Amino acid sequence: MDLTPFIRDVPDFPKPGIIFKDITPLLGNAKAFTYAVEAIAKAHTGKGITKVVGIESRGFILAPPVALALGVGFVPIRKPGKLPWKAIREGYNLEYGNDAVEIHEDSVTDKDVVLMIDDVLATGGTMEAAIKLVRRVGGTVIGTAFLIDLAFLGGGTRINSPVFSVMRYT
Ligand code: AMP
């Protein structure tokens, strides 16, 4: 299935010079959304995954259906100050600014085999920081999955783990 028609390019959002990949048309179409979730789940079936980690904000939309398709739990990585329990933090540089991410220190253990999910891979900074968090709490990251890889930005080279993407822009 060609998902390209379901991705809307929004120029200069949220800052001048950024072409934002708006995935809401895809989410609004059951066939396209199902196709994307199943593509990620199928590529990671039989790999012993025990947790799917999603990164706020749009990773929260994709990761839970993939987790349920794989029959495992979902773990959120959130922006600072949002998690209610004991959390650890990693800072990073974003395509448009600086930020940090946090994970509950008991949400992943050294017995967990983890698939990491976000909507878009741009510079790779967000995923790099998220992987560090999972490794700091003892988890084994066996792969990362994205709806979209903005491959021309080279984010994949920054990520020290296999990268799967449903769509790739070169
Ligand atoms: P990065 O850390 O540079 O790989 O940026 C990835 C994060 O920023 C993801 O969580 C994306 O949701 C968001 N992001 C970065 N660039 C874009 C873009 N051009 N369109 C949509 N989302 C983006």
Side-chain angles (χ1 to χ4, degrees), residues 2-29 32-33 35-37 39-41 43-44 51-67 74-83 87-104 107-108 114-137 139 141-170:
D2 180 15
L3 297 180
T4 320
F6 298 100
I7 305 299
R8 178 164 49 205
D9 281 2
V10 183
D12 300 322
F13 181 88
K15 287 188 178 173
I18 303 293
I19 299 175
F20 191 85
K21 294 291 182 194
D22 176 17
I23 66 167
T24 61
L26 182 145
L27 300 173
N29 182 282
F33 192 9
Y35 180 88
V37 167
I40 296 173
H44 296 90
K51 288 270 163 42
V52 173
V53 169
I55 305 172
E56 189 174 7
S57 301
R58 288 171 301 277
F60 283 9
I61 301 168
L62 285 171
V66 172
F74 161 71
V75 172
I77 283 187
R78 297 208 64 177
K79 304 210 166 118
K82 302 274 191 181
L83 288 168
I88 58 166
R89 182 179 296 191
E90 275 284 337
Y92 65 100
N93 298 317
L94 195 64
E95 192 188 3
Y96 39 81
N98 297 311
D99 216 333
V101 281
E102 294 185 349
I103 194 169
H104 274 157
S107 58
V108 171
V114 176
L115 172 64
M116 312 284 300
I117 295 188
D118 204 356
D119 64 333
V120 174
L121 173 59
T123 67
T126 309
M127 185 55 83
E128 188 182 32
I131 290 172
K132 280 185 191 159
L133 284 178
V134 171
R135 291 188 174 143
R136 276 172 62 192
V137 293
V141 176
I142 64 136
T144 65
F146 302 85
L147 179 59
I148 297 170
D149 177 4
L150 301 179
F152 57 90
L153 293 174
T157 59
R158 199 162 161 185
I159 293 172
N160 185 13
S161 185
V163 173
F164 173 86
S165 66
V166 183
M167 305 173 73
R168 210 161 171 268
Y169 290 78
T170 51

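Both counts, for ligands and for their atoms, begin at 1 and track the order of listing. Note that the structure is predicted; figures quoted are calculated from it, not measured. Note that these values count all heavy atoms, side chains included, but never hydrogens, waters or copies made by symmetry. Throughout, residue positions are numbered sequentially from 1 according to the sequence presented.
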Task: Carboxylate-amine/guanidinium proximity below 4.0 Å for E102 and R89 - done: yes
Task: Element-labelled atoms of ligand 1 that are located less than 4.0 Å from some non-hydrogen atom of L150 - done: 19 (N)
Open item on the list: Among I19, L153, L121, D149, which one puts a heavy atom closest to atom 19 (N) of ligand 1?
Closed with: I19
- [ ] Provide the full list of salt bridge (Lys or Arg N to Asp or Glu O under 4.0 Å) pairs with a residue in residues 158-170, sequence neighbours left out, each pair given once.
- [x] E128-R158, D149-R168
Task: Spacing of L147 atom CG and F6 atom CZ [to the nearest 0.5 Å] - done: 12.0 Å
Task: Donor-acceptor contact present, side-chain E90 to main-chain L133, <3.5 Å - done: no
Open item on the list: Can you tell me if G155 contacts ligand 1 (heavy atom of the residue under 4.0 Å from the ligand)?
Closed with: no
Task: Atom pair CE (M167) and CD1 (I23), whose distance is rounded to the nearest 0.5 Å - done: 10.5 Å
Task: Under 4.0 Å to a heavy atom of T123 - the qualifying atoms of ligand 1, by number - done: 1 (P), 2 (O), 3 (O), 4 (O)
- [ ] Indicate yes or no: does an N/O atom of A122 lie under 3.5 Å from an N/O atom of ligand 1?
- [x] yes
Task: Proximity winner for atom 21 (C) of ligand 1, if only heavy atoms of F13, Y92, F20, F146 are counted - done: F20
Open item on the list: Can you name the atoms of ligand 1, numbered from 1 with element, that are less than 4.0 Å from a heavy atom of R58?
Closed with: 11 (C), 12 (O), 13 (C), 22 (N)
- [ ] Write down the atom of S161, the atom of I131, and the distance for their closest heavy-atom approach.
- [x] CB-CD1, 4.2 Å
TODO: Sort out for me which residue in V75, V108, V52 forms a side-chain contact (heavy atoms from CB on, under 4.5 Å) with V114.
DONE: V108
Task: Test side chain to side chain donor-acceptor pair (under 3.5 Å) applied to R135 - qualifying residues, sequence neighbours left out - done: none
- [ ] Could you tell me whether some N/O pair between V120 and ligand 1 is separated by less than 3.5 angstrom?
- [x] no
- [ ] Below 4.0 angstrom from a heavy atom of D119, which ligand 1 atoms are there? Numbered from 1 as shown, please.
- [x] 9 (C), 10 (O), 11 (C), 12 (O)
TODO: Taking only heavy atoms of K21 into account, list the atoms of ligand 1 that are under 4.0 Å away from them.
DONE: 18 (C), 20 (N), 21 (C)
Task: Shortest heavy-atom approach to atom 9 (C) of ligand 1 - which of T126, V10, D118, D99 - done: D118
